[in-house]
Amino acid sequence: MNARLETTAPATTTLSADQQIGQIAVQLPGATAVFRRLKLDFCCGGQVPLATAAAEKGLDVNAVLSELAALQRPSAAPEIRDPSALVDHILTRYHDVHRVQLPELIRMARRVEAVHRDNPDVPAGLADLLEEMEQELLSHMQKEEAILFPMLKSGGNPFVGQPIGMMRAEHVDHGTALDQLNALTHDATPPAGACNTWRALYAGIAQFGDDLINHIHLENNVLFPQFEAAPAAAGGCGSTGCACS
């Protein structure tokens with residue numbers, strides 16, 4: 001599986017009131033949820049500048065830009081090794097983000113599959129796959145939040161290896177699901193002529209995939225080894241379910 005690990009400076013999308021609303025929807029994952037809530041048409045009506053679209057709805061364009069800017073998330077690896085601080089980072093940067101990402105991706109996938117059902121390139125079954133991934137990930141994160149993470153924040157104990165091993169195994173399952181997602185969407189590459197919703201959906205899937213890989217990487221290779229007796233014996237990423245190669 002190909003993914004970008006957190007090794008670069010934070011990536012941001014340049015936002016301007018002069019940009020076409022459809023362009024922002026495609027370039028900034030999560031923007032579609034904002035536009036949908038504000039009733040701004042980014043698909044069929046996406047060729048107008050954000051300033052014009054906002055004015056037509058009586059919206060403050062600067063307030064809209066601020067809300068969009070909040071969607072920009074850092075991609076740089078945190079300089080954190082303290083377990084408690086690292087757990088807090090994982091919760092806010094990944095757990096909270098996944099819970100927002102997936103419902104919007106599922107909604108867009110349902111729409112793309114319905115509107116373009118006669119298109120031979122339509123990703124049939126994508127919404128169902130995303131729903132399965134959401135349920136598995138929600139269950140996984142709940143177990144970490146309720147059991148493993150409090151244990152790690154308190155310093156661990158002689159039995160911490162068992163829940164860590166379970167989370168590592170589930171990480172492998174998440175990697176397998178990501179492989180299926182990439183295969184179904186051709187590595188999140190929309191076909192020629194795809195509408196803005198389709199393109200925004202794939203941009204969001206690409207971000208979700210990268211986020212999930214970086215999330216797993218931080219846990220498998222930075223957090224968990226601090227509580228394992230012999231992390232080197234695990235054999236590196238290849239045997240820990242990191243799925244980052």
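- Legend: residues meeting side chain to side chain contact (heavy atoms under 4.5 Å, CB included) with A54, ordered by chain and number and at least two apart, are L59, V61.
- Under the side chain to side chain contact (heavy atoms under 4.5 Å, CB included) criterion, A85 pairs with I80, D82, not counting sequence neighbours.
- Two residues are said to be in side-chain contact when any heavy atoms from C-beta on lie closer than 4.5 Å; Q72 and L15 meet this criterion.
- Partners of I147 under the side chain to side chain contact (heavy atoms under 4.5 Å, CB included) rule, at least two apart in sequence or in another chain, are M151.
- In the hydrophobic clustering of ILVMFWY residues, with side-chain heavy atoms under 4.5 Å counting as a link, V100 and L130 come out apart.
- No side-chain heavy atom of P49 sits under 4.5 Å from any side-chain heavy atom of I21.
- Applying the salt bridge (charged side-chain N to carboxylate O under 4.0 Å, His left out) test to residues at least two apart or on different chains, none of the pairs has a partner in residues 41-51.
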Show the numbers, then the answer: is there a side chain to side chain contact (heavy atoms under 4.5 Å, CB included) between D88 and K153?
-> CA-CA 9 Å; D88 289 340; K153 292 185 78 170; 2.8 Å; yes

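- For D96, there are no salt bridge (Lys or Arg N to Asp or Glu O under 4.0 Å) partners at least two apart in sequence or on another chain.
- A 4.5 Å side-chain heavy-atom check between Q27 and Q19 finds at least one atom pair inside the cut-off.
- The line from CG of N220 to CD1 of I164 is 10.0 Å long, rounded to the nearest 0.5 Å.
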Worked verdict on I24 versus Q20 for side chain to side chain contact (heavy atoms under 4.5 Å, CB included) | CA-CA 7 Å; I24 296 173; Q20 292 184 354; over 6 Å; no

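- For H98, the side-chain hydrogen bond (donor to acceptor under 3.5 Å, both in side chains) criterion is met by Q101, H215, not counting sequence neighbours.
- For P83, the side chain to side chain contact (heavy atoms under 4.5 Å, CB included) partners are L223, Q226, F227, not counting sequence neighbours.
- L86 and V160 fall within the same hydrophobic cluster, defined by Ile, Leu, Val, Met, Phe, Trp and Tyr side-chain heavy atoms under 4.5 Å apart, directly or through other members.
- A donor-acceptor pair under 3.5 Å is absent between the side-chain atoms of E113 and the main chain of V122, judged by distance alone.
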Take L178 and M133 through the test side chain to side chain contact (heavy atoms under 4.5 Å, CB included) and record every step on the way to the result.
-> CA-CA 9 Å; L178 277 177; M133 295 181 72; 3.9 Å; yes

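- If you chain together hydrophobic residues whose side chains sit under 4.5 Å apart, L105 and V97 never meet in one group.
- When all heavy atoms of V112 and P123 are compared, the pair lying nearest together is CG1-CD, 4.2 Å.
- The list of ring pair (Phe, Tyr, Trp, His ring centres under 6.0 Å) pairs with a residue in residues 103-132, not counting sequence neighbours, reads H116-W198.
- A 4.5 Å side-chain heavy-atom check between L68 and L50 finds at least one atom pair inside the cut-off.
- Among residue pairs with one or both ends in residues 126-141, those qualifying as side-chain hydrogen bond (donor to acceptor under 3.5 Å, both in side chains) are R110-D128, R110-E131, H140-E144, H140-E170, H140-H171; sequence neighbours excluded.
- No side-chain heavy atom of M108 sits under 4.5 Å from any side-chain heavy atom of Y202.
- The two residues D121 and P191 come nearest to each other via the heavy atoms OD2-CB, 3.7 Å.
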Decide yes or no on side chain to side chain contact (heavy atoms under 4.5 Å, CB included) for L126 and L201, but give the supporting numbers first.
-> CA-CA 11 Å; L126 176 59; L201 167 63; 3.8 Å; yes

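- A side-chain hydrogen bond (donor to acceptor under 3.5 Å, both in side chains) check over residues 47-61, counting only residues at least two apart or in different chains, returns nothing.
- In the hydrophobic clustering of ILVMFWY residues, with side-chain heavy atoms under 4.5 Å counting as a link, L40 and V26 come out apart.
- For the pairing with H95, the side-chain contact (heavy atoms from CB on, under 4.5 Å) check across L138, I90, V87 returns one residue only, I90.
- When every heavy atom of A200 is checked against every heavy atom of T32, the shortest pair comes out as CB-CG2, 3.6 Å.
- Distance check, rounded to the nearest 0.5 Å: CD of Q207 to CG of L71 gives 8.5 Å.
- Contact check for K143 versus L148: no side-chain heavy atoms found under the 4.5 Å cut-off.
- Here R107 pairs with E104 under the salt bridge (Lys or Arg N to Asp or Glu O under 4.0 Å) rule; sequence neighbours left out.
- At distances below 3.5 Å, not a single donor-acceptor pair connects side-chain atoms of R111 with backbone N or O atoms of T197.
- Sorted by first and then second residue, the ring pair (Phe, Tyr, Trp, His ring centres under 6.0 Å) pairs with a member in residues 19-43 form an empty list; sequence neighbours excluded.
- Closest of all the heavy-atom pairs between G22 and N196 is CA-ND2, 3.5 Å.
- Contact annotation: the side chain of T189 never approaches that of T185 to less than 4.5 Å [non-hydrogen atoms, C-beta and beyond].
- Between H89 and L218 there is a side-chain heavy-atom pair separated by less than 4.5 Å.
- Within the model, atoms OG of S84 and CG of L152 stand 10.0 Å from one another, a figure rounded to the nearest 0.5 Å.
- Listed here is the closest heavy atom pair of I205 and A188: CG2-CB, 4.3 Å.
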